[in-house]
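Below is one structure; the comments refer to it alone.
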Amino acid sequence: MQRWRGQAQTPADLGRTVVTVGMYDGVHRGHQSLIGTAVGRARALGRPCVLVTFDPHPTEVVRPGSHPAILTSLDRKAELVAGLGVDGMCVLPFTPEFSRLTPEEFAHGVLVEHLHAAMVVVGENFTYGHKAAGNVTTLTQEGRRFGFAVEGVPLAGDASADGEVTISSTYIRACVAAGDMESAARALGRPHRVDGVVVRGDRRGRELGYPTANVECPPFTAIPADGVYAGALVTRDPAGRTLDSRPAAVSVGTNPTFQGSRRTVEAFVLDWSGDLYGEHVGVEFVSRLRPMAAFAGVDELVAAMADDVTRTRAVLGLPPAG
């Protein structure tokens with residue numbers, strides 16, 4: 001899959017395209033259905049499918065300080081959409097100037113002049129242009145004027161205990177914030193994952209017999225509620241592509257037993273030893289085992305950690321330690 005940033009970097013030999021536009025944060029099941037429709041239309045027309053997304057999140061530019069938690073980094077998003085058959089991902093810098101484009105300027109400047117759209121596939125609730133003045137109806141009108149077809153795809157839903165829930169990035173962020181990783185995974189179609197770099201911590205886990213990878217995540221990452229989770233540590237190549245996945249017990253929080261103040265994500269990889277410092281990794285969260293707790297002493301903490309590992313094995317369907 002080709003990937004570029006900014007309209008000026010659009011490949012000159014792109015030809016006419018089928019375009020889908022959105023933040024696509026999470027690339028959840030609803031996104032997957034929409035992208036699948038776009039890819040299908042592109043294959044039928046014999047055109048490349050291009051996904052347009054934005055960086056930073058438009059909310060941060062329109063309402064500074066209100067940046068939502070991010071479910072997928074750009075590298076992870078690229079990996080996921082490539083797996084769905086997208087041929088190109090165009091990342092448009094969302095600046096104050098860009099936010100002031102009228103719907104017509106966006107349609108003509110981005111979709112027609114740079115991406116040569118033959119067809120645009122978006123969600124039925126899609127909005128665009130200054131103050132979100134454009135929608136599927138106006139885009140369809142612009143399409144008639146500029147020569148591209150438009151298809152609005154209905155939103156996907158998911159049955160839950162509370163009835164039908166519309167699958168959305170906002171819903172998944174709420175699940176993650178509450179530590180409800182099972183509901184998040186149902187909506188995503190896979191476990192929620194945070195990406196980051198392994199950095200040196202206080203090495204306390206190693207001293208206790210449970211060496212952990214201390215993962216430093218980018219700002220605004222959607223990190224689950226404090227607690228201990230069954231999950232996995234994923235290694236990545238320099239381009240962000242997944243290489244390997246190993247089961248892990250994951251701690252999120254401030255280490256209250258030692259009066260910690262900095263919130264960390266630490267993964268104890270089961271049945272493995274090695275040096276991951278400086279590596280770009282992902283941490284997947286399958287199920288929350290317990291909330292974060294302060295223990296009376298080190299012995300009590302170590303006993304709890306041993307239980308966390310045993311429960312992680314059970315949740316992940318692994319045999320007991322030999």
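Counting from 1, the numbers follow the sequence of the chain as shown.
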Q.
Do Val86 and Val50 make a side-chain contact, defined as non-hydrogen atoms from C-beta onward lying under 4.5 Å apart?
A. no
**Q.** Heavy-atom donor-acceptor pair, Glu284 side chain to Val234 backbone, under 3.5 Å
**A.** no
Q.
For the residue pair Glu182 / Ser287, report whether a side-chain donor-acceptor contact shorter than 3.5 Å exists.
A. yes
Q: Could you check Arg5 against Asp55 for salt bridge (Lys or Arg N to Asp or Glu O under 4.0 Å), going step by step and ending with a plain yes or no?
A: CA-CA 9 Å; Arg5 185 179 182 88; Asp55 181 52; 3.1 Å; yes
Q) Between Val136 and Val150, is a side chain to side chain contact (heavy atoms under 4.5 Å, CB included) present by the stated rule, with each step listed? A) CA-CA 8 Å; Val136 174; Val150 174; 4.3 Å; yes
Q.
Quick one: does any side-chain atom of Thr138 pair with a main-chain N or O of Asn135 as donor and acceptor, under 3.5 Å?
A. yes
Q: Output the rest of the hydrophobic cluster of Phe220: all Ile, Leu, Val, Met, Phe, Trp and Tyr residues reachable through side-chain heavy-atom contacts under 4.5 Å, sorted by chain and number.
A: Ile70
(Q) Do Pro224 and Met181 have side chains that approach each other closer than 4.5 Å (heavy atoms only, starting at C-beta)? (A) yes
Q) About how many Å separate CZ of Phe126 and CG of Leu139, when rounded to the nearest 0.5 Å? A) 6.0 Å
Q.
Assigning hydrophobic clusters by single linkage (Ile, Leu, Val, Met, Phe, Trp, Tyr; side-chain heavy-atom cutoff under 4.5 Å), is Phe148 placed with Val121?
A. no
(Q) Looking at Glu124, I want to see if its CD is surrounded by more than 12 non-hydrogen atoms of other residues, nucleotides or ligands under 6.0 Å. (A) yes
(Q) How long is the straight-line distance from CG of Asp195 back to CG of Leu74, given to the nearest 0.5 Å? (A) 11.0 Å
Q. To the nearest 0.5 Å, what is the distance between CG (Leu115) and CD (Gln7)?
A. 7.5 Å
Q.
Let me check something: do Tyr171 and Val27 share a hydrophobic cluster, defined by ILVMFWY side-chain heavy atoms less than 4.5 Å apart, either directly or through other members?
A. no
Q | Sub-4.5 Å side-chain heavy-atom contact between Pro96 and Val61 | A | yes
Q: Output yes when a side-chain donor or acceptor of His114 lies under 3.5 Å from a complementary backbone atom of Gly109, and no otherwise.
A: yes
Q. Salt bridge between Asp226 and Arg290, side-chain N to carboxylate O under 4.0 Å?
A. no
Q. Counting N and O atoms only, with roles assigned by atom type, does the side chain of Thr221 sit under 3.5 Å from a partner on the main chain of Pro218, one being a donor and the other an acceptor?
A. yes
Q | Taking every non-hydrogen atom, the tightest pair across Arg16 and Ala118 | A | NH2-CA, 3.4 Å
Q) Going through the distances and angles, do Arg186 and Ser183 end up as a side chain to side chain donor-acceptor pair (under 3.5 Å)? A) CA-CA 5 Å; Arg186 279 196 301 272; Ser183 293; 2.9 Å; yes
Q | Flag for Arg313-Thr310: side-chain donor and acceptor within less than 3.5 Å | A | no
Q: Keeping the roles fixed (side chain from Thr53, backbone from Met23), state whether a donor-acceptor pair exists under 3.5 Å.
A: yes
Q) Side-chain heavy atoms under 4.5 angstrom apart, residues restricted to Ile, Leu, Val, Met, Phe, Trp, Tyr: same cluster for Phe268 and Val298? A) yes
**Q.** Main-chain N/O of Arg41 paired to Arg43 side chain as donor or acceptor, under 3.5 Å
**A.** no
Q. Roughly how far apart are Glu300 CD and Phe295 CZ, rounded to 0.5 Å?
A. 6.5 Å
Q.
Give me the atom names and distance for the closest heavy-atom approach of Leu188 to Gln32.
A. O-NE2, 2.9 Å
Q: To the nearest 0.5 Å, tell me how far Thr140 OG1 sits from Glu151 CD.
A: 10.5 Å
Q) Parallel, tilted or perpendicular: which describes the rings of Phe285 and His192, with under 30° parallel and over 60° perpendicular? A) parallel
Q: Check Leu34 against Gly123 and note the closest heavy-atom contact, atom names and distance.
A: CD1-N, 3.2 Å
Q.
Donor-acceptor check, side chain of Asp25 to backbone of Leu71, threshold 3.5 angstrom: yes or no?
A. yes
Q: Report yes or no: does Arg173 contribute a side-chain atom to a donor-acceptor pair with the main-chain N or O of Ala69 at less than 3.5 Å?
A: yes
Q: Enter the distance from Glu105:CD to Glu142:CD here, rounded to the nearest 0.5 Å.
A: 10.5 Å
Q. Can you find a side-chain donor-acceptor pair between Tyr24 and Ser169 that sits under 3.5 Å?
A. no
Q | Residue pair Met89 / Val81, side-chain heavy-atom distance below 4.5 Å | A | yes
Q. So, do Arg3 and Asp75 sit near enough that their side-chain heavy atoms are less than 4.5 Å apart?
A. yes
Q) Does the ring center of His57 lie less than 6.0 Å from the ring center of Phe94? A) no
Q. So do Leu270 and Val309 actually touch side chain to side chain, heavy atoms under 4.5 Å?
A. yes
Q.
If we count only N and O atoms by modelled type, under 3.5 Å, do the side chains of Thr102 and Glu104 hold a donor and an acceptor together?
A. no
(Q) Is there a continuous path of hydrophobic side-chain contacts, each under 4.5 Å between heavy atoms, that joins Val197 to Val250? (A) no
Q: Might you point out which heavy atoms bring Val112 and Phe146 nearest each other, and give the distance in Å?
A: CG2-CB, 3.6 Å
Q) Is there a side chain to side chain contact (heavy atoms under 4.5 Å, CB included) between Val120 and Thr20 once you walk through the steps? A) CA-CA 6 Å; Val120 180; Thr20 184; over 6 Å; no
Q: Give a yes-or-no answer on whether the side chains of Thr242 and Arg193 include a donor-acceptor pair shorter than 3.5 Å.
A: yes
Q.
Within the 4.5 Å heavy-atom criterion, are Lys77 and Val91 side-chain neighbours or not?
A. no
Q) Looking only at heavy atoms, which two atoms of Arg263 and Val252 are closest? And how far apart? A) NH2-CG1, 3.6 Å
(Q) I'd like to know if Val18 and Phe106 are part of one continuous hydrophobic network [Ile/Leu/Val/Met/Phe/Trp/Tyr, side-chain heavy atoms within less than 4.5 Å]. (A) no
Q) Would you say Thr235's side chain and Asp244's backbone share a donor-acceptor pair under 3.5 angstrom? A) yes
Q. Any donor-acceptor pair under 3.5 Å linking the side chain of Thr127 with the backbone of Ala132?
A. no
Q: Identify the heavy atoms of Leu92 and Cys90 that sit nearest to each other, and give their distance.
A: CD2-SG, 3.6 Å
**Q.** Beyond-backbone contact of Trp272 with Leu233, side-chain heavy atoms, under 4.5 angstrom
**A.** no
